[in-house]
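Structure record follows, encoded as structure tokens.
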Amino acid sequence: MIFRIATWNVNSIRRRLPSIKRLVDTTNPDIICLQETKVEDNKFPTLEMAALGYKEQAIYGQKSYHGVAICSRHDLSGKRHRDWAGTTEARHVYCWIHSTIKLHNFYVPAGGDQPNPQKNKKFQQKLLFLEELTTWFSGQTPSRAILVGDLNIAPLENDVWSHHQLINVVSHTPVEVAALNKLMRKGGWIDAVRHLIPETDKLFTWWSYRSSDWKASNRGRRLDHIWVTPDLIANVKLAWVVDSARGWPVPSDHAPVVMDIDL
DNA sequence: ATGGTGGAAGGTCCA
């Protein structure tokens with residue numbers, strides 16, 4: 001049975017409900033993982049998501065900032081959330097799908113502007129977040145699991161519009177990329193999207209709001225990811241970025257990433 | 001070196 005999973009940093013779920021409906025109408029995912037929902041759990045649009053068919057929900061939110069959610073047409077169980085890097089920011093929710101597949105949804109800290117952990121606490125927190133994830137996943141058996149989210153790092157040269165011009169820009173610096181690669185290696189994760197789309201192809205999931213014409217300038221980055229454990233990689237069938245969503249009315253600055261997997 | 005825009009707020013922080 002083919003499962004279709006989408007991950008999307010919506011930058012406020014309440015502001016983006018029409019866009020979420022449009023994604024459902026055009027792509028019809030079985031599971032939608034959201035980041036930056038920016039809403040407390042008691043104000044989450046539970047009924048609106050249920051009306052779209054996503055009656056199963058695992059949410060972890062807070063006022064104004066951060067917030068993650070897993071909305072599903074299929075049974076979810078063992079819903080949990082976890083805090084990282086000494087904060088209580090809502091950046092990680094996870095659960096089981098049909099009690100057989102573990103699904104993690106992350107919103108990794110952006111890290112501020114200055115790529116120096118001594119001078120920038122936000123960048124320090126980002127690196128610590130990744131280190132703690134690495135330790136946590138290193139203690140687990142990497143099987144039957146999917147990890148999605150806005151990881152706020154574009155690891156490959158063709159994950160950014162200009163490797164040269166972004167090498168010292170937070171999201172593409174060598175120290176972050178090394179930390180992300182270590183998390184993948186030690187945690188036993190495979191980049192499912194790049195497994196299907198060659199590394200020689202430019203691939204972006206985010207385009208800044210601070211551009212008069214995001215499409216014409218196309219100065220994007222691939223910050224949003226879908227990873228799977230090695231035992232599932234053969235089941236991954238198709239992945240793409242719904243980049244048209246960046247041009248929908250009242251857009252998020254991120255586009256959804258969608259993957260089909262045979263489970 | 002700076003600012004550009006958007007969201008949640010209702011001043012300012014964050015991306």
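Below, chain A is the first sequence line, B the second, and so on; all start at residue 1.
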A quick test of your reading: do over 12 heavy atoms of other residues, nucleotides or ligands sit less than 6.0 Å from [atom1] of [X]?
X: A:K182; atom1: NZ; result: no
X: A:N28; atom1: CG; result: yes
X: A:K202; atom1: NZ; result: yes
X: A:R82; atom1: CZ; result: yes

*Taking only side-chain nitrogens and oxygens of A:R14, does any of them come within less than 4.0 Å of OP1 or OP2 of B:dG7?*
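No, A:R14 has no side-chain N/O under 4.0 Å of OP1/OP2 on B:dG7.
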Whole-Å gap separating [atom2] ([N]) and [atom1] ([X]):
X: A:H254; N: B:dA15; atom1: NE2; atom2: P; answer: 11 Å
X: A:Y65; N: B:dC13; atom1: OH; atom2: P; answer: 8 Å
X: A:R221; N: B:dA15; atom1: CZ; atom2: C1'; answer: 11 Å
X: A:K38; N: B:dG10; atom1: NZ; atom2: P; answer: 14 Å
X: A:Q35; N: B:dA15; atom1: CD; atom2: C1'; answer: 14 Å
X: A:D253; N: B:dA15; atom1: CG; atom2: P; answer: 12 Å
X: A:N11; N: B:dA9; atom1: CG; atom2: P; answer: 12 Å
X: A:K43; N: B:dA8; atom1: NZ; atom2: P; answer: 12 Å

[N] versus [M] - spacing of their [atom1] atoms, nearest Å:
N: B:dG3; M: B:dA15; atom1: C1'; answer: 15 Å
N: B:dA9; M: B:dG4; atom1: P; answer: 24 Å
N: B:dC14; M: B:dG10; atom1: P; answer: 15 Å
N: B:dG7; M: B:dG11; atom1: C1'; answer: 14 Å

_Please verify the inter-ring angle class for A:F204 with A:W207; under 30° counts as parallel, over 60° as perpendicular, anything in between as tilted._
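It falls in the perpendicular class, over 60°.
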_Residue whose nearest DNA chain B nucleotide is more 5′ - A:S211 or A:I13_ =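 Looking at the nearest nucleotide for each, A:S211 comes out on the 5' side.
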*More 5' along DNA chain B: A:H66 or A:P251, using each one's nearest nucleotide?*
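With A:H66 and A:P251 compared, the 5'-side residue is A:P251.
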*Answer yes or no: side-chain N or O of A:R210 and base N or O of B:dA15 forming a donor-acceptor pair under 3.5 Å.*
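Indeed, a donor on one side and an acceptor on the other fall under 3.5 Å apart.
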*With a 4.0 Å heavy-atom cut-off, tell me which residues in residues 106-130 of chain A come close to DNA chain B, sorted by residue number.*
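The answer is A:Y107, A:A110, A:K122.
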*Flag the pair A:R4 and A:D30 as a salt bridge only when some basic side-chain nitrogen lies within less than 4.0 angstrom of an acidic carboxylate oxygen.*
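Salt bridge: no.
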List the atom pairs, donor and acceptor, that lie under 3.5 Å between side-chain atoms in residues 94-103 of chain A and the rest of the protein, sequence neighbours left out.
| unit_1 | atom_1 | unit_2 | atom_2 | d |
| --- | --- | --- | --- | --- |
| A:H98 | NE2 | A:H74 | ND1 | 3.0 |
| A:S99 | OG | A:S77 | OG | 3.4 |
| A:T100 | OG1 | A:I97 | O | 3.3 |

